[in-house]
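Notes to accompany the following structure.
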There are 2 protein chains.
Amino acid sequence: MSAERATYRHGDLRQALVEAGIALAREGGPDAVVLREATRRAGVSPNAAYRHFADRADLVAAVSDSSQSLAAAAIEAELAAVPSAPGIERAEARLRAVGIGYLRFARDEPGLFRTAFSVPTDLDRAFSPERSGPGGGTPFGLLAGVLDELTASGALPAERRPAAEMLAWSAVHGFAMLVLEGPLRGLDPDMATAVGRRVVEMAIRGI
Amino acid sequence: MSAERATYRHGDLRQALVEAGIALAREGGPDAVVLREATRRAGVSPNAAYRHFADRADLVAAVSDSSQSLAAAAIEAELAAVPSAPGIERAEARLRAVGIGYLRFARDEPGLFRTAFSVPTDLDRAFSPERSGPGGGTPFGLLAGVLDELTASGALPAERRPAAEMLAWSAVHGFAMLVLEGPLRGLDPDMATAVGRRVVEMAIRGI
DNA sequence: GACGGGCGTGGACAGTGTACACATCCGCTC
DNA sequence: GAGCGGATGTGTACACTGTCCACGCCCGTC
């Protein structure tokens with residue numbers, strides 16, 4: 001309904017603020033999303049933001065949402081590159097692609113990555129595997145979709161699925177966090193990529 | 001050398017500030033460690049902190065260090081409860097204990113947990129398995145020690161050790177982060193504990 | 001007993017998030 | 001078409017933060 005809200009005086013200030021926020025997050029993570037700076041970049045007074053966001057946290061949440069969409073897009077690109085192959089093999093390749101894409105995004109856009117996952121997300125939203133359409137997906141929805149394929153093909157017993165989902169998710173996310181802002185920070189990026197691939201392989205074996 | 005620095009006017013202000021910082025971190029994570037509030041609690045003027053820390057980040061780093069020690073203590077407690085058993089079984093039980101202890105600390109002290117791992121750590125320090133003595137260990141050093149046992153007993157081939165270490169670490173840390181400040185935030189604690197155990201089991205299987 | 005240097009104080013400044021009161025302009029109703 | 005109401009943006013203000021600077025104090029040392 002009325003997606004044509006649009007422009008009043010400024011022309012969709014909300015979107016402009018989110019975009020400024022993304023630029024800030026890109027170079028400094030969630031803490032760099034400074035409300036006043038975002039309004040400055042949008043060419044507007046600080047308080048104007050309060051017509052569109054309850055407070056700074058609300059703005060950051062919106063930026064986080066957009067970042068999740070960007071991450072999902074990166075993963076979808078990786079998925080699209082998976083060659084077709086007979087059933088199970090392909091499903092496993094797709095699972096691998098999700099992990100690799102996730103880590104690739106973390107490496108290429110550390111600021112956005114940290115912002116995307118520094119905020120509690122609506123679980124129903126994040127988990128739902130459908131929600132297609134560009135920019136609409138979330139990384140966890142994509143993982144769920146791939147796991148659906150695996151269970152459907154019988155490669156993953158249904159009763160083990162929940163734990164498998166947690167493991168896959170935890171392993172990849174944990175590795176990314178350790179490298180980005182944890183004790184492993186500063187690990188050489190190529191090295192990190194290589195180790196990341198091994199973590200993905202082992203997680204798949206664990207599943 | 002000269003650990004007897006101690007007291008000038010205040011009686012080891014540095015330590016007092018770290019303790020105030022820990023209290024703050026406990027209830028609000030790293031962002032809650034605000035320098036002025038710490039000095040306030042220590043009954044001292046804001047600038048006094050600058051005689052002991054270069055800046056706020058330096059104070060947070062010190063608090064993070066202490067938090068890591070507390071985490072290590074929690075894990076050691078868990079390790080101490082592992083019953084003796086024949087070689088390999090015991091080693092595996094110890095591995096499990098490290099994972100459980102790590103997650104337990106994350107659940108019981110979320111603020112300290114996040115503070116402990118929100119800061120880049122000196123890798124050499126964090127990794128070294130020796131560094132015994134109460135308050136001196138780190139969670140990752142303890143994990144390394146247990147893995148040493150596993151390789152020594154032949155249960156874990158030496159060449160697979162590095163990746164195994166990464167997987168164990170990533171899975172457990174990742175799960176904790178997802179629950180504490182990621183999309184899984186708000187998951188029921190008991191539920192989280194149960195799922196956490198399964199993640200630990202699967203990670204062990206993956207190793 | 002003087003004194004120099006570690007330790008803490010006081011005051012100040014820029015920058016932040018946010019509340020309150022006000023100005024402006026669009027779209028709707030008559 | 002006139003006019004009004006409510007959404008949108010502005011200005012001012014306040015409390016709070018991290019950090020800089022100049023100063024005062026008190027201890028151990030010569």
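Convention: sequence-line order gives letters A, B, ...; per-chain numbering from 1. Remember, it's a predicted structure, so these values are computed and weren't measured experimentally.
Aromatic rings from A:F140 and A:F117 are positioned such that their centres are separated by under 6.0 Å.
A donor-acceptor contact under 3.5 Å is formed by the side chain of A:R36 with the base of C:dG17. Side-chain to base pairing of A:N47 with D:dT12: one donor and one acceptor N or O lie within less than 3.5 Å of each other. With hydrogens and angles ignored, a donor-acceptor pair under 3.5 angstrom links the side chain of B:R51 to the base of C:dG8.
Here A:H52 reaches the OP1 or OP2 of D:dG9: one of its side-chain N or O atoms lies under 4.0 Å away.
Residue contacts for B:R14: at a heavy-atom cut-off of 4.0 Å it reaches no nucleic acid atom on any strand shown.
Nucleotide D:dG18 holds its P atom 14 Å from the CG atom of B:D58, rounded to whole Å.
Closest to the A:R56 side chain, of the nucleotides D:dT19, C:dG17, D:dT10, is C:dG17. When distances are taken from the side chain of A:D55 to each of C:dT18, D:dG9, D:dT19, the shortest belongs to C:dT18. Checked against D:dT19, C:dT9, C:dT18, the side chain of A:L35 finds its nearest nucleotide in C:dT18.
Not counting sequence neighbours, B:E19 has no partner by the salt bridge (charged side-chain N to carboxylate O under 4.0 Å, His left out) test.
Note on ring orientation: taking the six-membered ring where Trp is involved, the planes of B:F113 and B:Y102 are perpendicular (angle over 60°, cut-offs 30° and 60°).
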